[in-house]
A.B. asks: 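Could you have a look at this structure, given as structure tokens, before my questions?
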2 protein chains.
Amino acid sequence: MNLKELAQKLGLSPTTVSRALNGYPEVNEATRERVMAAAKRHNYRPNTRAIRLATGRAMAVGHVIPIATRHEIVNPVFADFIAGAGEAYSRAGYDMVLSVVPDEDEERSYRELKSRGTVDGIIVHAPRLQDPRIPLLHDIGFPFVVHGRATGTTLPYSWLDVNNRRAFQRATEFLLDLGHTRIGLVNGLEFMDFAVRRRTGYLDALATRGILPDPALMASDEMTETSGFRAASRMLAMADAPTAFVVSSMISAMGVRRAIDDRGLKIGRDVSIIIHDDELSYMRNGDDVPIYTATRSSVRDAGRQAAEMLLDIIANPDSAPQQRLLEAELIIGQSTGPAPKR
Amino acid sequence: MNLKELAQKLGLSPTTVSRALNGYPEVNEATRERVMAAAKRHNYRPNTRAIRLATGRAMAVGHVIPIATRHEIVNPVFADFIAGAGEAYSRAGYDMVLSVVPDEDEERSYRELKSRGTVDGIIVHAPRLQDPRIPLLHDIGFPFVVHGRATGTTLPYSWLDVNNRRAFQRATEFLLDLGHTRIGLVNGLEFMDFAVRRRTGYLDALATRGILPDPALMASDEMTETSGFRAASRMLAMADAPTAFVVSSMISAMGVRRAIDDRGLKIGRDVSIIIHDDELSYMRNGDDVPIYTATRSSVRDAGRQAAEMLLDIIANPDSAPQQRLLEAELIIGQSTGPAPKR
DNA sequence: TTTGCCATCCAAAGCGGTTTGGAAATGATT
DNA sequence: AATCATTTCCAAACCGCTTTGGATGGCAAA
């Protein structure tokens, strides 16, 4: 059942039927109702492909998932971010198209999305320092929103980010207040922008207390259980081992926990942990009482907000770039306690 | 730059240019090369929207992610499955569109995808027992491939699944061989098909050794760290506590590990664990030496294969349904050992 | 009655490709 | 030279919708 057939059945022109269904004013209310009823009765759904060609809009948004060819790691926050964004899209009648792209093909991939007209805009994931994607998308004139920021980029662009620096500063201060002075940082890969900001926050906190940072207490790696384990094991084996850890993710923290357990130490008593909690749905930080003390910010909610921002930018292409900085909340769990006396 | 313009520049008709680019035989090789060169030079990319309307094919595949409105949990294997599938799609020039749908709207969502012509086929995720989506998709005549199976469905349909029953049977037998007789099962939600099959495998193994299953040793819940912790804690508190666990996922296993650690027990010595390992990229089971003994089957690879199967079905709509059963390998890690003497 | 203005509807021209059904040119065959 | 088959190209229809630029008729104002 297409427009033409429906129009024929109604004894109207396709024009009028189209206008009736799309709420244009130049159509009699009576006929509009008649059209609406007939559309429902015949279960008419306009063909998306035709709409897209006619309007020139894709009614779709792209998410490019870069696969690091070296590690082949899919970002674990991805699923929840997508879930949040997806809600916003389906509410607005937009589709979400995912492109899984080996990272060396990313530029070509963006250009194609643009020139083939597959999508109306793009969410940029996991920005790195001076991320080349931002000037690129700017050049080809594609609406986009970055989830995160890219230090070193001077162009104005739209982004939505968590205040990672502040979060880690607060986390570190919290531990300092408990008397810890040897605090290990188990960070993500530091060519990622968020990881740099987190380190900055950690260093800032130490600096204001006049504590010299120890490079041996700062690890940077992929955020996996294994790498968390490795980093923590190494640090705990030191003569002057840390009494606390600031950890970039729930997953790394599980590795850190394993390292601590393996040495027969007890979390919250011998060693404190404070993590950043993205509130991944399959990785809840406890139900009622949080297991870990954490800086918390829902990545799913971030997805929703970023999507809404992008839709807004697509609808108003000439508006100024938008920015939104979310603050993480500091929640107290069972993984932190006063520094043990030596 | 569109077809017409390109044709004009070449002094050819759009017809010929289109045919030259799409490899039709009725065009001189010399002109084809000329066209190809010009297309590359002018950076011509056919407009996807136009192709779709003209051919009637969407050149896209849909993945519907149901969000359980109760738990709001995104399936953690999802990201890796998608990553695998995405590779297959982009190789074939297909787009992947994701719909995030509250599970009560799922049926409507499938019908819309079909009637609006958004996609050419669908991957069905996380099938339940007698999953209603299978007859539905069958009815509306939509090509689809199920990741998993649906016990109780008599219709023939295409699927790709891991032999979950066999995997858990082998895992349980492995523990039995080590002398364990009290073996806990930490399973996923048992309205999910895979979870039922896993339990069956577990029960089969016990049965062949003449061991009566103890309901108190079988837990079924969402596969989160917390639920793993809860289930294991409860079982370990029993008078006749289990000396081994079969655990449905790496994530639950982390909860199980925490429960074991909390009681001051040692994994592999006091308590054995064997898990099912989907080889999630951010959740590797150790690097060289596996941490956990596991039944292993890459969900990413499953995604790739399921996608290829679907593309094949879309290309040959009248072929018989395809089925593929993947066997998990049993890999020995450090989390299992002989049953402790009492 | 005429004029002008709305309100309501429609024909037709897009959107940018693919595909059908020739047409012209070339070469081979008789 | 005439016929026929091939090769090579093209005009035009089509996919299903939106949107522009009228057309028509009714009614109020002049």
A.B. asks: Between atom CZ in Arg52(A) and atom P in dT18(D), what is the gap in whole Å?
C.D. replies: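 Rounding to the nearest Å, CZ of Arg52(A) and P of dT18(D) are 13 Å apart.
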A.B. asks: When rounded to the nearest 0.5 angstrom, what distance separates CG in Leu129(B) from CZ in Arg149(B)?
C.D. replies: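 Leu129(B) CG to Arg149(B) CZ: 12.0 Å, rounded to 0.5 Å.
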A.B. asks: Out of Glu87(B), Glu279(B), Gln305(B), which residue meets the side-chain hydrogen bond (donor to acceptor under 3.5 Å, both in side chains) rule with Arg300(B)?
C.D. replies: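 Testing Arg300(B) for a side-chain hydrogen bond (donor to acceptor under 3.5 Å, both in side chains) against Glu87(B), Glu279(B), Gln305(B) leaves exactly one candidate, Glu87(B).
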A.B. asks: To the nearest Å, give me how far apart CE (Met59(B)) and P (dG16(C)) are.
C.D. replies: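 Nearest whole value for this atom pair: 20 Å.
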A.B. asks: Given atom CG of Asn22(B) and atom P of dG16(C), what is their separation to the nearest angstrom?
C.D. replies: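 Spelled out: CG on Asn22(B) to P on dG16(C) is 17 Å.
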A.B. asks: Looking for any heavy atom pair under 4.0 Å, which part of the strands does Ile51(B) touch: base, sugar-phosphate only, or nothing?
C.D. replies: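 The residue Ile51(B) makes sugar-phosphate contact but no base contact.
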A.B. asks: Once rounded to the nearest 0.5 Å, what's the spacing between atom CG of Asp80(A) and atom CG of Asn75(A)?
C.D. replies: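 Answer for the CG-CG pair, Asp80(A) versus Asn75(A), is 11.0 Å.
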A.B. asks: Within less than 4.0 Å of OP1 or OP2 of dC17(D), is there a side-chain N or O belonging to Tyr44(A)?
C.D. replies: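 Yes, because at least one side-chain N or O of Tyr44(A) sits under 4.0 Å from OP1 or OP2 of dC17(D).
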A.B. asks: If the test is side chain to side chain contact (heavy atoms under 4.5 Å, CB included), which one of Asn22(B), Thr15(B), Thr16(B), Leu21(B) qualifies with Arg19(B)?
C.D. replies: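 The single option meeting the side chain to side chain contact (heavy atoms under 4.5 Å, CB included) with Arg19(B) is Thr15(B).
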A.B. asks: Grab the CZ-P distance between Arg57(A) and dG16(C) for me, whole Å please.
C.D. replies: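 The distance from CZ of Arg57(A) to P of dG16(C) comes to 15 Å, rounded to the nearest Å.
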A.B. asks: Looking at every heavy atom in both Ala88(B) and Glu308(B), which two are closest together, and how far apart are they?
C.D. replies: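 Result for this residue pair: CB-CG, 4.0 Å.
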A.B. asks: Please list all pairs passing the side-chain hydrogen bond (donor to acceptor under 3.5 Å, both in side chains) test where one or both residues lie in residues 119-129 of chain A, with sequence neighbours left out.
C.D. replies: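 Found His63(A)-His125(A).
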A.B. asks: Walk along nucleotides 5-15 of chain D from 5' to 3' and tag each nucleotide B, S or - by protein heavy-atom contact under 4.0 Å, base first, then sugar-phosphate.
C.D. replies: ---BBBBB--B
A.B. asks: Does dC9(C) have OP1 or OP2 sitting under 4.0 Å from an N or O in the side chain of Tyr24(A)?
C.D. replies: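 Indeed not, no polar side-chain atom of Tyr24(A) lies that close.
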